[in-house]
Amino acid sequence: MPDTFELEVTTPERLLIRNQVNEAQIPAANGYLGIGPEHAPLLAELGIGELSYRVGNIRKSLVVAGGFVEVMTDHVRVLADSAEKASEIDVERARAALRRAEERLGSNATVAVDVARALNAAKRAKARLEAAAHR
Amino acid sequence: MPSLIDIRRRIRSVRNTEQITKAMKMVSAAKLRRAQDRVISARPYAASLRKLLQDVAGAVVGGAEDTPKHPLLSRRAEQRIQLVLLTGDRGLAGAFNSNLIKASQSFLAERETLQVELLLLGRKGRDFWRRRTVPITDEYPGIFNKVLYEDAGQIAARLAERFANDEIDAVYLLYNEFKSVIAQNLTLLKILPVEIPERENPIDYIYEQPPEELLKALLPRYVHIAVYQAMLESSAAEHAARMTAMDAASSNAAEVIENLTLYMNRVRQASITREIIEIVSGAAALE
């Protein structure tokens with residue numbers, strides 16, 4: 001049994017990674033998926049959060065938000081609406097975004113759309129900060 | 001016969017034009033490279049999404065002709081058509097814009113009995129169609145200053161909404177596809193209703209969400225990426241067309257300068273010869 005599989009993360013704007021990895025943690029819409037080589041074929045919606053993968057003993061992470069995950073026995077494709085590498089994250093901006101989102105939530109917004117958007121923004125900002133802390 | 005000074009002025013003016021066209025060519029070349037990179041980097045996502053869509057659509061049960069699996073898949077008789085025309089924002093790109101406009105005119109002529117509405121991306125198409133009687137849904141002049149995924153999303157969402165609300169029966173994109181630096185391919189692409197090619201041997205996935213839900217999330221993104229890719233292609237093709245046109249203009253200018261220089265030398269030589277003849281014949285008359 002092979003001990004690696006191909007992990008590919010793409011967004012509409014670019015290809016982030018295409019690498020042989022040993023194991024990956026992917027934030028699906030219904031919770032994290034831990035994926036190793038020879039996983040059964042699976043399709044899921046992608047949530048918002050930190051996607052991490054391991055090559056040998058090195059663990060790296062990305063932040064992804066929205067999209068799809070396709071798991072096959074020999075490869076995993078992540079189609080994200082947006083994604084960035086942990087090393088690219090601007091911590092200051094993420095903090096500011098989190099503050100803004102929390103303010104908006106605190107100011108007892110009444111419009112449902114606004115609440116949903118602020119919640120999403122907060123979730124994204126948190127995921128980015130978490131990923132940045134792990135780098 | 002024009003005087004020497006006139007010819008010199010003419011040469012100087014052509015040389016100025018040549019400098020401008022040369023500069024424009026360089027700018028277009030740089031922009032083209034960037035646009036090409038973006039076209040290429042959007043491809044893996046689009047290809048994967050298409051594959052995924054085939055798999056998921058195959059897994060959704062049911063869906064005969066009369067009950068489509070999703071509103072964006074419903075096929076109706078084409079009575080009301082939305083044509084999305086992607087032109088450039090600027091001219092001086094050879095036949096780039098006029099080819100598109102001509103193609104859109106013949107598209108309309110072929111569908112004279114149907115209702116066609118225009119959605120215009122890019123300033124040149126807007127300028128042309130605004131003075132005519134064809135209904136215009138909306139216009140986005142200046143959108144090609146910077147091709148953004150978000151802009152494409154707005155447009156795609158609008159098209160999808162109108163289609164789902166049964167306001168239109170089909171959506172076509174008309175744009176120039178980037179083929180090579182010297183060739184553009186005029187492309188007419190039907191993006192709605194979404195047509196999903198059959199898949200040979202579908203893979204039996206475990207579905208985290210029901211396939212219906214995934215399909216609902218996939219289809220709008222599919223329309224989105226189709227619009228985005230068309231915008232990228234068009235923008236790359238425009239820069240390529242401008243580069244080629246400016247290259248031709250520069251070499252024309254060089255040729256004109258060469259001819260004028262030759263002519264100027266001949267005029268100068270003629271006047272020298274004339275003076276010599278005058279002196280010689282003057283001297284001969286004295287003898």
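Model, not experiment: these values are computed from the prediction. All chains are named by letter (A, B, ...) in the order of the sequence lines, taking the proteins before the strands, and each is independently numbered beginning at 1.
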Relative to chain B, which of A/V69, A/L15, A/N30 shows the most heavy atom pairs under 4.5 Å?
A/N30
Let me confirm one number: the CZ-OG distance from B/R43 to B/S41, rounded to the nearest 0.5 Å.
9.5 Å
Is B/R76 positioned over the aromatic face of B/F163, cation under 6.0 angstrom from the ring centre and no more than 45 degrees off axis?
yes
Chain B interface, residue from A/V71, A/T10, A/L43 that has the most non-hydrogen pairs under 4.5 Å
A/L43
Chain A contact via B/A42 - side chain, backbone, both or neither, heavy atoms under 4.5 Å:
both
Of the listed residues (B/I225, B/I40, B/L49), which shares the most heavy-atom pairs with chain A below a 4.5 Å separation?
B/L49
For B/R80, does the CZ atom have more than 12 heavy-atom neighbours from other residues, nucleotides or ligands under 6.0 Å away?
yes
is_close_aromatic(B/H224, B/Y149), centroid dist under 6.0 Å
yes
Most chain B-contacting option - heavy-atom pairs closer than 4.5 Å, from A/E8, A/R18, A/R14, A/E45
A/E45
Out of curiosity, B/L119 CG to B/Q82 CD, how far, rounded to the nearest 0.5 Å?
5.0 Å
